[in-house]
Amino acid sequence: MIKFFRKIRQNLLSEGKTIKYLKYALGEIILVVIGILIALQVNNWNEERKNYAKEQTLLLALQQEFDGNLERLKNTITVNNERITNCLLLLHELSPEESSLSHSQISKLWLNALSKDAVYRPSLGALNEAIASGNLSIIHNREIATFLSAWQSELDRIGIQEMAVKNQRLLCFERTKEIGNMRMVLQAIENDLGKELQESPFEDTNKDLLRSKAFESDLVTFLGTSNHLESGFLIPLKERLEHFLTLVKKELDHD
């Protein structure tokens, strides 16, 4: 093909047809440029198709991971909400007067309010892999990409509040050991440890704990930090996570 065009040019020059030669050469250049542009466009289409396929695969993996993370978050909210409810029940029994509840009833109230830990630990496998490989850049939806980029900072913020709750919970434990009788609490646990423990030989009981203003302050602070964890962090994150999953589903439905 190249030899054919070259022969035409040589014939035009040899015949003295300079103007026709120039027109022909210009047309040849235009054809070459058009060919290059078409090749580039085809290459761009192929790259876009490959990136789209990679994006869809990534979004599907993220959807599966964050569906599970949403369920974990809901479970954390449930545990924290139960803890708040039981904290209020325990607070209701605090009084300067000696409680009419049995030692077993007090222990169960204490356990329901203070034994459970509400900590959110989501899966990060697909997201971390996307970040490490630089594949977050192939996500066209900026709102999705922004959410994913800010995910770790969201977890860090929650972690700080979770630590505040944990510290207040530990203060309640310390106050119980100081004023009450932790052995009586453990006896109420329905496992091997609770069954093996004999009755305490000491006179101190958790009825003393229910008359303590210091324990009341510890419990109220624990309740406040737990409530703030839920209303200020867990519930807002749940709403953002649900919105994120809605956006991801729309992107996958485009396929």
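The chain is numbered in sequence order, starting from 1.
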For the residue pair Arg83 and Leu229, establish whether any side-chain heavy-atom pair is separated by less than 4.5 Å.
-> yes
Locate the shortest heavy-atom distance separating Gln152 from Leu124; write the atom from each residue and the value.
-> OE1-CD1, 4.0 Å
To the nearest 0.5 Å, what is the distance between CD1 (Ile84) and CG (Asn81)?
-> 5.5 Å
For Lys116 and Arg169, work out which heavy atoms get closest and say how close.
-> O-NE, 3.5 Å
Sub-4.5 Å side-chain heavy-atom contact between Pro122 and Leu73 | no
Group every Ile, Leu, Val, Met, Phe, Trp and Tyr by side-chain heavy-atom contacts under 4.5 Å, then state whether Val119 and Leu155 land in the same group.
-> no
Report the C-alpha separation of Ile131 and Leu127 in whole Å, then their side-chain angles, then the decisive distance to 0.1 Å, and conclude whether the side-chain contact (heavy atoms from CB on, under 4.5 Å) test is met.
-> CA-CA 6 Å; Ile131 293 173; Leu127 176 57; 3.9 Å; yes
Minimal non-hydrogen separation, Val79 against Ala118, with atom names = CG1-CB, 4.0 Å
For Ser137 and Gly134, work out which heavy atoms get closest and say how close.
-> OG-O, 2.9 Å
Say whether Met163 and Leu234 are linked into one hydrophobic cluster, either directly or through other cluster members, by side-chain heavy-atom distances under 4.5 angstrom.
-> no
Give the cluster check for Leu210 versus Phe173: same hydrophobic cluster or not, with ILVMFWY residues linked at side-chain heavy-atom distances below 4.5 Å.
-> yes
Which residues share a ring-ring contact (aromatic ring centres under 6.0 Å, His included) with Phe244, sequence neighbours left out | Phe66, Phe147
Evaluate the side-chain proximity of Leu237 to Trp151: yes if any heavy-atom separation is below 4.5 Å, no if none is.
-> yes
Nearest heavy-atom contact between Glu55 and Ile139 is OE2-CA, 3.5 Å
Under the ring-ring contact (aromatic ring centres under 6.0 Å, His included) test, residues paired with His228 that sit two or more places apart = Phe233
Any side-chain heavy atom of Glu93 within less than 4.5 Å of one from Ile106?
-> no
What pairs with Asn141 under side-chain hydrogen bond (donor to acceptor under 3.5 Å, both in side chains), at least two apart in sequence or on another chain?
-> Glu251
Gap separating the CG atom of Asn86 from the NZ atom of Lys108, nearest 0.5 angstrom = 13.0 Å
Residues 120-144 vs salt bridge (charged side-chain N to carboxylate O under 4.0 Å, His left out), sequence neighbours excluded, gives Arg121-Glu162
The reported gap from CD in Gln187 to OG in Ser104 (rounded to nearest 0.5 angstrom) is 9.5 Å
After noting the C-alpha distance and the side-chain angles of Gln56 and Leu59, does the key distance pass the side-chain contact (heavy atoms from CB on, under 4.5 Å) rule?
-> CA-CA 5 Å; Gln56 291 289 296; Leu59 289 175; 4.3 Å; yes
In Å, rounded to the nearest 0.5 Å, how long is the span from CG of Leu114 to CD of Gln168?
-> 11.5 Å
Close side-chain approach of Asn112 and Glu82, heavy atoms under 4.5 Å = no
Those residues at least two apart in sequence (or on a different chain) that pass side chain to side chain contact (heavy atoms under 4.5 Å, CB included) with Ser123 are Glu65, Asn69, Arg72
Among the clusters formed by ILVMFWY side chains lying less than 4.5 Å apart, do Leu241 and Leu252 turn up in the same one?
-> yes
Taking the side chain as every heavy atom from C-beta outward, state whether Leu62 and Leu148 have any pair of such atoms under 4.5 Å apart.
-> yes
Electrostatic pair Asp208:Arg211 at N-O distance under 4.0 angstrom = yes
Where do Ala130 and Leu58 come nearest, in terms of heavy atoms and distance?
-> CB-CD1, 3.7 Å
Look up atom CG in Leu101 and atom CG in Leu109, then write down how far apart they are to the nearest 0.5 Å.
-> 6.5 Å
Would you confirm whether Thr246, through its side chain, and Glu242, through its main-chain N or O, come within 3.5 Å as a donor-acceptor pair?
-> yes
Heavy-atom side-chain contact between His103 and Lys207 under 4.5 Å = yes
In the single-linkage hydrophobic clustering (I, L, V, M, F, W, Y; side-chain heavy atoms under 4.5 Å), do Trp110 and Leu91 co-cluster?
-> yes
Report all side-chain donor-acceptor pairs from residues 215-223 shorter than 3.5 Å, counting only partners two or more places apart or in another chain.
residue, atom, partner, partner atom, Å
Ser217, OG, Lys213, O, 3.2
Asp218, OD2, Arg175, NE, 2.6
Asp218, OD2, Arg175, NH2, 3.3
Thr221, OG1, Ser217, O, 2.8

Answer yes or no: is there a side-chain heavy-atom contact under 4.5 Å between Lys74 and Leu70?
-> yes
Would you give the length of the straight line joining atom CG of Leu94 to atom CG of Leu90, rounded to the nearest 0.5 angstrom?
-> 6.0 Å
